[in-house]
Structures are given as structure tokens and as C-alpha cells.
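One structure is given below, encoded as C-alpha cells.
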Amino acid sequence: MRTPKARALGKALRKVREERGYGLREFAKVLERDPGVLSRWENGERIPSPDQVAQYLTRLEVIGDPYEEIMELTRATDEPRWLAISLPEQRQQFDALLDFEQRATVITVLAPLLIPGLLQTSSYIRSIMSAGEVPDREVPRRIAMRIGRRDVLTRREPKPVRLAAFVGEAALRQLIGTHEVMAEQLRHLRDAMTWPNVDLRVIPFDSGWHPALEGLCLVIDSDESDPVVHLELRDSLLFLHEEDDVNRYRQAVEKVERVALGPQDSAEVIAEYIKRWENAE
């Protein structure tokens, strides 16, 4: 089973090789290794040792921070859980998340407090980052990256990803930015509900306890790899991929689905909040 971290390591190795202008077979000769071995490293099917990765990077003259960040991916690469705490690790894991989303067939998200990232507008994203004191120079790049994530829902080829989003009523009511930002964001949700590949349900305030209250969670399914779960915590990110872990989150989704409103009722609740924000002073 390919771990998320092994896939991220492989992708990083392939990226630096291609940036240096080497083909796979050409670089295999430079390293004096079988091209099939390098291919499995770069696909995450086989995990190279730290010494092998160091040799790979040294031959490509990768130095400094890029070298250290890729070497970090060689630590605990085969562990069942990938916890990212430092900023470099979180950047690596976010890149891995983007890759999983691009290759996904179905993404299921539990979002109790905020609008899911795949459905956020640029104004909503900017408001979150401003309140979170993200440096001004970083804001445009981060907004572009997050908006770019939405392409998986609207692309033509390959087929768009199917999204099942369970959004807490609190996310509709919580003021992020201004009243205008919220009205625009909820109008976007209303529009997204008409897309054939999006199933959006509201979890009402009176639903009692349910697993979505534990925090944001994504379950990502793909025809190319085993399913994974991604969690966003206050100061860290976490990937899970073992079958027992994934099944626990699938069971959580089933429990949330039982208390969430149906499509029509969800649309009516969103429409009510749109009016509330449009009429707010």
C-alpha cells in the first residue's frame, strides 16, 4: 500500500529530476540504477532509503532548503499516519492533498464551522487569511492555490470529481469578513448545489451531537490509489490511510448523513441565510 507520504516523496523526486531536464532512463544511467526502481520510487510504490534519496538529490545538485525539505519526507515514510506540524511539512502535505484531489473520483467532506475549501469564494478566503494575520505578500498566492482547487469540480477532462459536502448550519451563520462576503459565499453554495456532481447537505443546529462536530475532515476516493482521510487541526495536518482508520471515518459520514437535511430542505435553509446576510446592516 502506498502511503500518502511515500507518494509525496516520489512526486518531489520526479519534479526535481524533470526540472533538471533528465528523462527517467537517462537519469537511471547517471545513478547506475534500474529505471524500474526509479519509477517505483517516483510513484511511491517503493520507499528509497535516506541515503538513496541523498544520492539522488546530490546528483541533481539540489541543495539548501529544497534538499532539507525533501529529506524530511524520508523520515517515517511508511508510518500509518502522516502528521505535519512545521510549516515546511504543512506545505508538503498541502501539496500532497492537492495531488490527491486532482486524482480523486469522490471527495466527501464534513465541515461543521466553515465553508469547505473546495466551495470557498476568493473574498471568503481573503477574509479568513486577513483575520488569521497571513502576511500580505502570501495572500495572493494562497488565494490562487485555493481557488485552483475548485477546478476539480468544473473541469471537463478528466471527469469532474463528485463532491459530497456536509456543512454545519454554523458555517452559514458565522460572519466571515462582511455581510456582503457572506451573501456572495452562500449564493455560490446555492449555485454549486445545481451542479450534477455536487451533493451539498446542511447539518442543522438541532441535530444534536454528531461526528462532524469533531472538526473538518475529508475522505478521498480514487480509482488510482487507496482511499485516504485528511484532517485539519489547529496547528497541524494529518493524513490517514490504513483501512481501519478510513472505515471509522466512513462510519462517521454515515452518521452525519442520517442527521443532515435533504437537498431541498438544505437549499431552503441556505436561501434563508442569503436573505439574512443581504438584508443585514
Side-chain angles (χ1 to χ4, degrees), residues 97-98 100-102 104-128 143 145-208 210-213 215-222 230 232 249-250 252-280:
L97 174 62
L98 295 181
F100 274 105
E101 288 180 343
Q102 286 291 325
T105 52
V106 181
I107 298 174
T108 304
V109 56
L110 305 182
L113 300 176
L114 291 173
I115 304 303
L118 287 170
L119 295 172
Q120 290 177 359
T121 63
S122 58
S123 297
Y124 188 88
I125 297 168
R126 185 181 298 276
S127 298
I128 291 174
I143 290 177
M145 288 179 63
R146 292 191 178 224
I147 292 298
R149 292 174 66 184
R150 297 188 340 203
D151 175 66
V152 300
L153 300 178
T154 57
R155 67 193 180 193
R156 293 187 177 182
E157 293 293 338
K159 290 172 57 178
V161 171
R162 285 186 289 127
L163 175 68
F166 297 90
V167 181
E169 188 175 350
L172 310 180
R173 187 168 180 175
Q174 177 66 50
L175 175 64
I176 301 294
T178 66
H179 301 156
E180 291 79 11
V181 167
M182 289 303 302
E184 177 191 45
Q185 175 62 76
L186 297 194
R187 287 194 294 268
H188 178 65
L189 286 191
R190 181 182 59 192
D191 293 343
M193 293 182 75
T194 67
W195 301 347
N197 57 316
V198 173
D199 179 15
L200 192 155
R201 311 289 184 90
V202 173
I203 312 167
F205 279 129
D206 61 4
S207 59
H210 52 80
L213 292 173
L216 179 66
C217 141
L218 283 81
V219 181
I220 304 175
D221 290 284
S222 170
H230 191 256
E232 293 188 22
Y249 280 90
R250 290 201 193 282
V253 169
E254 290 173 0
K255 291 178 180 178
V256 172
E257 190 170 12
R258 288 198 288 269
V259 301
L261 300 176
Q264 184 59 42
D265 288 340
S266 295
E268 291 175 2
V269 169
I270 290 173
E272 290 173 5
Y273 277 100
I274 290 173
K275 291 179 182 177
R276 176 181 298 190
W277 290 120
E278 287 178 337
N279 296 328

[Y] side chain reached by [X] side chain, heavy atoms, under 4.5 Å:
{"X": "Val109", "Y": "Leu163", "answer": "yes"}
{"X": "Pro116", "Y": "Val167", "answer": "yes"}
{"X": "Met182", "Y": "Arg276", "answer": "no"}
{"X": "Leu114", "Y": "Ile176", "answer": "yes"}

Over 12 foreign heavy atoms within 6.0 Å of [atom1], [X]:
{"X": "Arg162", "atom1": "CZ", "result": "no"}
{"X": "Arg173", "atom1": "CZ", "result": "no"}
{"X": "Phe100", "atom1": "CZ", "result": "yes"}
{"X": "Arg126", "atom1": "CZ", "result": "no"}

Quick one: side-chain contact (heavy atoms from CB on, under 4.5 Å) partners of Glu257, sequence neighbours excluded?
Phe166
Does the plane of the ring in His188 sit parallel, tilted or perpendicular to the ring in Trp195? Use 30° and 60° as the thresholds.
perpendicular
Counterpart residues, side-chain hydrogen bond (donor to acceptor under 3.5 Å, both in side chains), relative to Arg150 (two or more places apart):
none
All pairs passing side chain to side chain donor-acceptor pair (under 3.5 Å) where residues 116-125 contributes a residue, at least two apart
Thr121-Gln185, Ser123-Glu184
Charged N to carboxylate O under 4.0 angstrom, Arg149 versus Asp151?
no
